[in-house]
Every structure is written in C-alpha cells, then in structure tokens.
Amino acid sequence: MTAVTVGSGPAPVSGALTDQAPGACAADAAESECLVRIRGLRFSHGPRVIFDDVDLDIRRGSVTAVMGPSGTGKTTLLKLISGQLRPDAGTIEVDGEPVHALRQSALFELRRRMGMLFQSGALLTDLSVFDNVAYPLREHLRLSPPVVRKLVLLKLEAVGLRGARDLMPNELSGGMARRVALARAIALDPMMILYDEPFTGQDPISMGVLVSLIRQLNDASRLTSIVVSHDVRETASIADYIYVISNGRVMAAGTPATIAAERSEWVRQFMDGLPDGPVHFHYPAPDLAADLLTRGVG
Amino acid sequence: MAKQRSIEVLVGAFMAAALVALFFLAMKVSNLGTSPAADGYRVTARFANAGSLKVRAPVSMAGVRVGRVEAIRFDKKTYEAVVTMRIENGVDTIPEDTFANIFTAGLLGEQYVGLEPGGSEDFVRDGDELTQTQSALILEQMIGQFLFSKAEEGGK
Amino acid sequence: MAFKALRRGARAVANAVLDPVAELGRSGLKALAGLGRAHLLLLHILAGSAEVLWRPRLLLAQVFNVGVLSVLIVAVSGLFVGMVLALQGFYVLSQFGAEESLGVMVAASLVRELGPVVTALLVAGRAGSALTAEIGLMKATEQLAGLEMMAVDPVRRILTPRFYGGLIAMPLLVALFSAVGVLGGYFVGVGLLGVDDGAFWSQMQSKVDFREDVVNGVIKGLVFGVVVTWIALFQGHDSTPTSAGVSRATTRAVVHAALAVLALDFVLTALMFGN
C-alpha cells in the first residue's frame, strides 16, 4: 500500500511502488548486490559539518531517492559518490572500487560507467543538441560517424527529442535541456545515473515526463539510479528506496511505504510538507513565543 | 560544417596577413632587405679620427647617397681609422684624388662620409684607397681651439 | 586593579599594531596561494599539449577566437598609433631639423615597444576578458563539472586549446599591428607632412635591425600572449561560480594582465636592449 499517493500528478509509472522493496544491502550482502556502499562518511565544508558518520547503500537496479531539506548536502553526496569531492573520513565504494582513494585515471575510468544529470543540464552551450549527445561517444569511443549518428538518434529518441537534434542549448526549455542532458548521460550506457534535483523548477508536464523517464530508463536499461530531490511526492512515486537526510545524518530510510508509516515527527513534517513541526523553517531559533515576547518589549 | 569551413578560411587569411606583415617588417622596415652583401665595389679611406661614424652610415656625393660604410677598423700601426665603403656599381666615375670627409648631418644628426670629387682622369676601382681625407669634427676640440685662439688674441 | 587595566591597555595597543601586520600577512599568503594555484593550472594546461596536436580543430577555433576576431581592433589601433607617432615625432624632430629620422622613430617605437605592448593590452581587453567570462560561465553552469563527469578533463579539453590559441595568435597580431602602424606613420609623415619618401624608408631600413628589433618585438608578443591567456584562463577557472564572481574575475583578468604585460615589458626590454 502507498501512503504517498501520486494523486492527480504525473501519469502513473510502471513498476513504481513495489511492496517487496529492495532495502539497503545487508552487511553481509553479496558484493554484486550492492552498487554503492558508503560507510562512516564524514565531510565538512569549512567549519560546517555536512555529513557526520553517514552509512548508505544503493542496491543494483533500484531507484534510490535521497531527500532532505535544502542545504543538507544532497548534491554534495552525489559529488562524493562521483569522486568530484573527497570525504574527510569514511569509505565510498562504487562497484567495489574505493572512489575516495582512486587516482584520476582510475576515477575517469569509473566515471565512464556513471552518468550524472546536473541541475542546470550542463550542456555545452556552443554545441548543438546532437553534438552534445555525441560528445562522450566521440571522446571515448572510436566510432565511425554513421554509427555515432545512429547511437545519438537512438538516445535522443529515448528522451523524445530526436526532432530537436539541430537546436542549440539556448533554444531549449529547461525541461528539454534536462532531457538532452539525460540522453547525453546515457550515451555511454552507464551502470548508474545520478540525478541532481531533476524536478526543480519544472512545469507539471515536463515534471511528469522526467518522472516517468527516470523510471523507464532505469528499468529498460537495467540501470541504477540515485535521485536527489526535495520534491517529495514525485520522488517517492518512482523510488524503490528512500533515504531522508538532514543535519548530516540519515533521519529515516526505507521503502516509500515504510517512510509513509514512519512515526517520527520530523520525518512526518518533511514528507507531508507541514508548515510547523520540529523544524521552524530551516534555521534553529529560540522558542517563537519567547522571541516574540522579548521583541514585543522593544 | 559550413561554419567550420569559414573558420578555417578566416584563420588561414589571418595567418597569411600576419606573415605578409612580418615580411613587410623584414624587407621594408628593417635592414633584412638591404643585405650587407649587396653588389658594389669596395673603397677604403684612412681617417685620423672617425668620430662617431657608424657602420651602415651613408656615403654621399653631392648630397646623394652612393654607398654605405661597410666596416670601420683601427690600424694599430698608423693609429688611424680605416673605413671601408661599398660604393654602388652604377657610380663608377669617382676620380682617384677624391676627397673623403666625415660630415655631420645637422647639428645633432648622425655622421656620414661625404666624397668631393677631384680632377683626376683615373677612376677608383675595387680595393683602392682614397688618400685625401679629413677627419670628423669633434665639437670639444673645436671649442678648445676656439678658446685657445681667443686667449692668444687676448695675450697680444 | 591598576595593573590589570594596564595590561589590558597594553594588549589593546599591541593588537592595534599587530592587526594591520596580520592583515598584510593574510593577504600576502592569499596572493601566494593564488600564485601557486595559477602555476599548477599552467602545468595542467601544458600537460594537455599533446592532445591539442591531434585535435587541430579545437586549436583552429581558438586561433579564430583570439586572432581573427581581434584583427580589426588591432589593425585600426595600429593605424592610429602610427599616425599619432608620426604627427608627434615630426613636431619634435623638425625642431632639430631631423625630419628624415621620422621613419626610424615611428618604426623603432612601434616594432620594439608599442606593437607588442599595445597589442597585448588590446588582446587582454578583447579576447582575455572573453576567455575569462567564458570559462567562468562554463564553471558556473556546471559545464566543466559535466565534462569531468563524462570522464573528460576540462582543463585539457577546454583550457589547453585556448592557451595555445592565444600563444599562436598574439605574435601574429603584433606583426600586424606594427606593420599597419608603420603604414599609418608613412601616410601622415610622407603624405601629410611632406617628409621625403626615400629618406623615410632608407633611414628606417638603416636603423631598424631585423633580428635586434623585429624578432625581439615578436618574441615579446609571444611572451605577452602566454601571460595574457594564462591570466585570463586562470581567473576564469578560479572564479567563484556566480554571476558576481564571474564579473569580478573578468575585471581582475584584464587588470592583472595589463599590469603583468607592462611590468614584464620592462624586464624584457632590459634583457633584450639592455646592452
């Protein structure tokens, strides 16, 4: 059963909410079952501690959502997994390889098997849609132009933008740019795609398109997807497993169903989007009533 | 691809233009065009004092440049400056008794060799030496001489 | 009590003295760290040199960006600088009756100094600022991070071709500037002011040495090309990825490049023409 309903939102997505949720890998889980394994992750940015002893697992073939309020370091987590940042302590293993300790060449080797969808799309602005998608193919594989063309058109077809191949990135809407970036991210047929806030600032239609695309791509190409987002409903509708993080810790973890049944006040506030709860906006503050009273004097 | 082609063409044109500019600088602006091994014949002259005459200074006759100074060296036996000049081939009627002066162009101008033709019927040939010379005027010497003569006048 | 107050006062005085010293030290360390990052970036850029050779198209596009797009401004500036030099030079030289030396004056100052320096300043303003803004925006819009995620080294793929583009274009622009400047001087000196045509060129040819003057000027252009593009690329790559950060970086790139060119020009002049 699902407490987090899709409602009147995007079109229903195939195979989204399953009750036999693939949870976190057990400590003794087979190596192959677990694609990403994070243990004791500690990371701080200047004086600010972003992650404090975080354990996190991503199972192969699943769509895992990482949710949390703004500024909790969700994007930082993706950068740590992809090796763009190095942790202060702890281990991050992707497909059995310790990302935090890899040399650049080995890291680049690993990244060819990863795709990442940036918030802005991060398309190269001086190349057309076609050339953007062809870019990783031309960089890494020695393919003949006709083969590149076929592959690019197939990838563009998968995101429904084959007709837009000659447009320049500045002619695309935000949703289209993200879909092109998605086509580029899957160009090398990666084993895993990292989505950084894929739904932010999208109109309902493009949001629905993206939501279903993520799920479809994941199932059709046997990918593993990590979706970082604070759009609770959309993300929960396609996720197999959800991590809720805040203040550098994992606040809750489980299938959408277990998260929906979670009793913790904080998680309830976040998942249901309640204006009041344990969190008064995003900053810790003294008791509101007391604050108002002292102000009232002045 | 049309864009790529036009970039190629424009970069090519740019490089060609820059090379033309460099060629212009080499041949027309600087001395590469007037190479020292130019044709002409050599004539030497001995001066008691070459002043601040420089290599490549003009050699002129009646105010027209007929050649250039090719080398200036010091003769350690006679304590003279030996100036080698290269005269253009077309100017082949310089009398043997031509007088060679070191002049100064303007008050602060550079020094050059001025040739004043003599009356001889024989012309100089390659390797000949002009024997009649007058040294460069040294400003300090002139002033010194002038003051000296004034003092002598005053003494009388 | 009095002793305590005295001690507090002494500490306050000491702090008042030491604070500016600490501030100075802090900014010095910051500048040093920036210099270190700039040199590391240069090494990183140079490490990609080989790749540029087998991707000549990337290089070509950058020679276009820095070189071809700067031709007009460089040529027009050269023309006017040459014309002004002739005008001013004529005024001074005619007082000594040495108008014939006008060609020498115009050519020597263009080829030795003004050609390389003014071209470098123009390129810093036109192409350098564009480079910084481009790299800064690519960083701000996550394009560089995107490349990195595609397992492509953005420094080697994006920065190295731009570096070599500037390096190749600059000496060529310098030659162009000097040549056009001499022509501008010729038009004004001979055409307008009536200096003798033959004297103008012959004096120039007798005094301007190809190796000593022209080649040294072009070498200056090469060095300035390295410095201007390097500073522009570093400022872009080191910028804070926000619109304010990129605009600050662009300003800094132009200012630093201009200062570096002028200071370096003194050093190079002393080395080349010192004795």
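Worth knowing before you read on, the calculation uses all heavy atoms, side chains too, and leaves out hydrogens, waters and symmetry mates. Below, chain A is the first sequence line, B the second, and so on; all start at residue 1.
Ranked by heavy-atom pairs under 4.5 Å with chain B, the first of C:A107, C:G67, C:A108 is C:G67. Interface summary for chain B: among C:V63, C:V71, C:V214, C:D209, the most heavy-atom pairs under 4.5 angstrom belong to C:D209.
Of the inter-residue distances, the one linking B:L22 atom CG with C:F210 atom CZ reads 5.5 Å to the nearest 0.5 angstrom. Here C:L176 contributes atom CG and B:F14 contributes atom CZ; the two are 7.0 Å apart, rounded to the nearest 0.5 Å. Taken from CZ in C:R57 to CD in B:E8, the straight-line distance is 6.0 Å, to the nearest 0.5 Å.
The stretch residues 47-84 of chain B participates, sequence neighbours left out, in no ring-ring contact (aromatic ring centres under 6.0 Å, His included) pair at all.
Heavy-atom neighbours of C:F80 CZ from other residues, nucleotides or ligands within 6.0 Å: at or below the threshold of 12. Crowding of C:R55 atom CZ: a count of heavy atoms from other residues, nucleotides or ligands under 6.0 Å exceeding 12. At most 12 heavy atoms of other shown residues, nucleotides or ligands fall within 6.0 angstrom of atom CD in C:Q88.
Summarising the geometry of C:V111 relative to B:L25, their closest heavy-atom pair is CG2-CD2, 4.0 Å, with the distance given to 0.1 Å. The heavy-atom pair separating C:A179 from B:A21 by the smallest distance is CB-CB, 3.6 Å. Of all non-hydrogen atoms in B:I7 and C:L60, the two that sit nearest each other are CG2-O, 4.3 Å.
Contacts between C:Q203 and chain B at a heavy-atom distance below 4.5 Å involve the side chain alone, from C-beta outward. Neither the backbone nor the side chain of C:V174 has a heavy atom closer than 4.5 Å to any heavy atom of chain B.
Contact of the C:M204 side chain with the B:K28 side chain is not registered, since no non-hydrogen atoms from C-beta on lie closer than 4.5 Å.
Contacts between residues 164-173 of chain C and chain B, defined by a heavy-atom separation under 4.5 Å, are made by C:I168, C:A169, C:L172, C:L173.
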